[in-house]
Undergrad: 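Below are the structure tokens for one structure; questions will follow.
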Amino acid sequence: MKRRNVNRVNSSRETVSRSSFQWRLLFLTIICASIVAAGFFFAARQHFSTMEFGLKNSKLRKQVEDLEAERRRLILAKEVSLSPVEVTRNAQRIGLREHVLTPPTAMEIKDVQLAERQSVAPTLASLTVEDRSETKVANRTETKNLVKPGVQRTETKALVKPIVQQTAAKPISPDVRPRIAEADKRIAEASSKRDSKFK
Amino acid sequence: MRTRKRPTKKDLRQVTFFRYMLIIAVIVIWIGGISARLVYLQVNQHEWLKEKATGQRIDVKQSKMLRGTIFDRNERALAVSVVVKTLFADATEIEDIEKTASELASLLKINKSKIFEQLKDGKDLERRYVPIAKGLDTETALRLNAALETEGLQKSDLPKYPGLYWREEQKRSYPHQSLAAHVIGFSNNEGIGQAGIEQSQNDELYGAIIKKTQERDRLGRIYDETVSEKEPPKDIVLTINSSIQFKAEAALERQVKASQARAGMAIVLDQKTGEILALANYPTFDPNKLEGITKENLSNRCVQGVYSPGSVFKLVTYSSAFERDLLTPDSPIDAGNGTIEIAGHKFSDSHSIGRVDATKAFAHSSNVCAIKTSMRVGREGFYEMLQKYGFGKQTGVELPAETSGIVRNPNKWNGDSLASMSIGYEIGVSALQMATAFATIANNGVRVRPHIIKEIRQSDQTKIFEAKPEAAQVVSSKTAREMHQLMRAVVTSGTGTRAQLNGYTSAGKTGTAWKFDEKTKRISSAKYMSTFMGFAPLDNPAFTIAVVMDEPKVGGRDGGQAAAPVFKEIAESVLAEMQVPFDLTADNQPFDGEDVPEAVGNGSAKDSEPLEKRGSDGSATSSARSDPEKSHTKEKASEVPTKPKGPNRPKIELEQRFVEPKDKFKT
């Protein structure tokens, strides 16, 4: 009887131990399988995201190439429309004619300078005696260089005015560079602003 | 009743075990089968499958990088390459040629039978490249893609039409057409420069062929791309100012047509920096239309042509005398009766001026006075000055095929060579060399190497090269100032009165030289090279301009009449554009009088000695046999002085008509 009990007691212990081992084994299997599955999942995600980035990259690269080509095309179109031949043709088509600038002669400049001096000359009443005599001398020397009354003087006020402003008391310094550099700088700045819009 | 035997625990365990093993066996067999197949595919079929996958996935494309752009100094594009597309057909993939041909003909508006023939031939010969339309822009390509799209067609490349593909090419465009054509040049279909900057800077501009390895997915989308590393082409910025170039070309063209000249040249130089602001030749060409190019209009005469400069070369003669303190502008020189005989050769003036100072001798372009001056300088001194001015060697400008001119060594000179050279004969120069000599004088005796490239940079604006040309003192600033005085006299009271500017002072020298006739191999007094070179304003010159007219036939043919008006037109328009302040006052008001005729020729008559007796360099030797009096009379008669044509200026009623230029530079 004791044996039976012992046997029964022994077999139940074995059963318990075998079943706990199996559960542990099963649990371990599930964990390993989960890890492997997660690894597959992660690898698949990386693969697809790589593919996606690659596609986006190639699309962007294509976009950059297309934009660069378009930029060149626009530069070409701009230059063609601004070319002197094209501008002249379009201007002639709408009836415009080329205006030839005719700078005034030295005589005309002299006249304007004289007129300017006279306009700022003080009135006799406001001058002292010494001033008046100085003014008389100055006027006398000015009149010497005037054109004789018989010679017709062309009306150049409107033409000459800006030139007077231009020559107003600005000495030509040998250090002043020709205007190429200044003009270039202005134009280059304007062009770079325009081009940056296209970029 | 028979009772059923209850299954024992042992039986249940056996059944469970059996089922378990059955499942395991199935799994093992299944996995084993798959593994075996995997091993077979990846080991046995490895090469074949790899090849097939690579072929499907990887696509190798070759494309050419766009050729570099050429800009002017103000960032105006003068030459630019754009992408164009060529529609081509893979004839082997087209099943219905008739249908394809009719659709293409209707879309491209071309002859249907022509396309049909092309496709049929291509299919018969199994051609995979049959060009249909070339040089199409992106807009046209998109329109065609939309029109040709076939529903349900699985194709990765556009257009979605069986057998049709696009190929990208580039097209070189010159948006300003003939502007600065000789400077820019042109390139051929392969993208190789053939002339001008396109040729000389081909290595910088050239767009290399690059290989693109693209990986595509099953839908044909590119997910990975590798581009082979190659040096990208660079952009070139020239010193040319488009506006000044246009003005120079327009003025030159007008005068060449008006005088029915064979050709013309004009150069505008910034003497301080050596930058070439304009370099014009006429006749010219349009690089966009290469069919119209001939040898005549393709040649860049400014740097490639050699000619006898004539009286403009007196600049060298007098400056060398001033440099050695042999002369001053006020030194008297006796021109005598207007003729001089050197080594049996008679040289003559157009008109006798008697005993005058050096200024007047230069202003009236007296050959006799120039020869006497050169005699004082001597052979060695004169030759040394020639070399210092840069004659006999290339200027180094970045244009192809530049000539070095013709300057013989003194030990090869004849007895009258010095005399001939002093008046611009027996020497060959290019227009650029001569312009540089004048720029040297304008720049207070400092010669700056002329150059036409301002900078070279990459497409991202990174500068790779910036021009920093060398400068050298050729003559002292005192000599330069004295030459300014002489050159001013030419314009105010000498042979170059037509170069007087409205509002500005100018200075320069005229030159009229007989030309060497290629047909007769002799100097011909019927053909002239008429020159005017000078600068403006007198004080602090903004630029130097050189104008050369080749064989003017109508109107005045000397430099003062043929070339000086071009100088005037260019100078006035450019000075106004640059907003240079006027400097013409009553003090330096020029003389408003008659033209002063120029002495032409070196005394050699039309029927001078044949080629055999010429110098080794082909220049004319001087041994005139004709009567100098007759030739002198002929020249005088042909040059009847005429009043200068220009705006009517009121005459200054001063104490004297003839205004001596004030010597501002005398110390």
Side-chain angles (χ1 to χ4, degrees), chain A residues 50-55 57-59 61-62 65-66 68-70 72-73 75-86 100-110 144-148 151-154 163 166-167 170 172-174 176-180 182-184 187-188 191-192 195, chain B residues 66 69 73-78 80-83 137-138 173 175-179 214-215 217 221-225 241-243 246 250 270 272 275 277 501-504 537 539-543 572-573 575-586 588-589 647 649-654:
Chain A
T50 306
M51 291 286 289
E52 202 183 314
F53 278 128
L55 285 167
N57 195 19
S58 71
K59 266 187 194 165
R61 197 178 280 135
K62 181 88 175 47
E65 283 174 10
D66 290 342
E68 174 63 29
E70 185 65 14
R72 281 189 176 237
R73 194 188 66 77
I75 287 172
L76 178 62
K78 182 188 90 170
E79 290 302 333
V80 168
S81 64
L82 290 175
S83 69
V85 174
E86 200 63 32
V100 179
L101 288 168
T102 48
T105 61
M107 205 52 230
E108 285 159 348
I109 295 168
K110 188 79 182 172
K144 260 191 184 173
N145 298 326
L146 281 178
V147 177
K148 272 192 176 171
V151 179
Q152 276 188 8
R153 213 178 294 163
T154 51
I163 294 144
Q166 189 184 15
T167 55
K170 247 190 179 174
I172 302 165
S173 161
V176 172
R177 277 285 293 112
R179 273 46 61 190
I180 299 163
E182 288 167 14
D184 286 348
I187 293 163
S191 318
S192 61
D195 284 341
Chain B
L66 285 174
T69 305
R73 65 184 303 119
N74 297 321
E75 302 294 328
R76 299 286 299 275
L78 299 174
V80 60
S81 287
V82 290
V83 173
D137 57 22
T138 316
S173 289
H176 295 266
Q177 295 171 28
S178 61
L179 188 78
Q214 296 169 334
E215 291 196 36
D217 64 2
R221 300 174 298 183
I222 301 166
Y223 62 86
D224 192 22
E225 193 175 88
N241 181 316
S242 292
S243 176
F246 176 72
D270 181 353
K272 283 198 169 70
E275 291 175 344
L277 303 173
L501 308 180
N502 287 325
Y504 299 98
D539 186 21
N540 193 21
F543 43 70
E572 281 178 347
S573 58
L575 286 166
E577 181 183 316
M578 290 163 61
Q579 297 179 342
V580 175
F582 296 114
D583 66 337
L584 193 63
T585 63
N588 53 17
Q589 177 71 17
R649 290 195 291 269
K651 288 199 177 154
I652 304 161
E653 298 287 336
L654 294 172

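Side chains included, hydrogens not; waters and symmetry mates left out as well; all remaining heavy atoms used. All chains are named by letter (A, B, ...) in the order of the sequence lines, taking the proteins before the strands, and each is independently numbered beginning at 1.
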Undergrad: Checking heavy atoms, do the side chain of E65(A), its backbone, both or neither come under 4.5 Å from chain B?
TA: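 Side chain only.
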
Undergrad: Where on S81(B) is there a heavy atom nearer than 4.5 Å to chain A: the side chain, the backbone, both, or neither?
TA: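 The answer is both parts of S81(B).
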
Undergrad: Would you mind reporting whether E79(A) and V80(B) have side-chain heavy atoms less than 4.5 Å apart?
TA: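 Sidechains of E79(A) and V80(B): no contact.
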
Undergrad: To the nearest 0.5 Å, how far apart are OG1 in T138(B) and CG in D66(A)?
TA: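 Between T138(B) OG1 and D66(A) CG, I get 7.5 Å after rounding to 0.5 Å.
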
Undergrad: Apply side-chain hydrogen bond (donor to acceptor under 3.5 Å, both in side chains) to S83(A) and list each qualifying residue two or more places apart in sequence or on a separate chain.
TA: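 S83(A) satisfies side-chain hydrogen bond (donor to acceptor under 3.5 Å, both in side chains) with no residue once adjacent residues are dropped.
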
Undergrad: Give, as side chain, backbone, both or neither, the part of L66(B) having an atom under 4.5 angstrom from any heavy atom of chain A.
TA: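 Contact with chain A: backbone and side chain both.
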
Undergrad: Walk me through it: do E68(A) and V83(B) pass the test side chain to side chain contact (heavy atoms under 4.5 Å, CB included)?
TA: CA-CA 9 Å; E68(A) 174 63 29; V83(B) 173; over 6 Å; no

Undergrad: R221(B) and L55(A): which non-hydrogen atoms are nearest, and at how many Å?
TA: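 Of all heavy-atom pairs spanning R221(B) and L55(A), the closest is CB-CD2, 3.1 Å.
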
Undergrad: Please report the interatomic distance CE(M51(A)) to CG(D217(B)), rounded to the nearest 0.5 Å.
TA: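 It is 5.0 Å, given to the nearest 0.5 Å.
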
Undergrad: What residues, two or more places apart in sequence or in another chain, satisfy side chain to side chain contact (heavy atoms under 4.5 Å, CB included) together with N57(A)?
TA: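 Side chain to side chain contact (heavy atoms under 4.5 Å, CB included) list for N57(A), sorted by chain: R61(A).
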
Undergrad: I222(B) versus K62(A): any side-chain heavy-atom pair under 4.5 Å?
TA: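 A side-chain contact under 4.5 Å is absent here.
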
Undergrad: Using heavy-atom distances under 4.5 Å, tell me whether Q177(B) contacts chain A through its side chain, its backbone, both, or neither.
TA: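 Side chain of Q177(B) only, per the 4.5 Å heavy-atom cut-off to chain A.
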
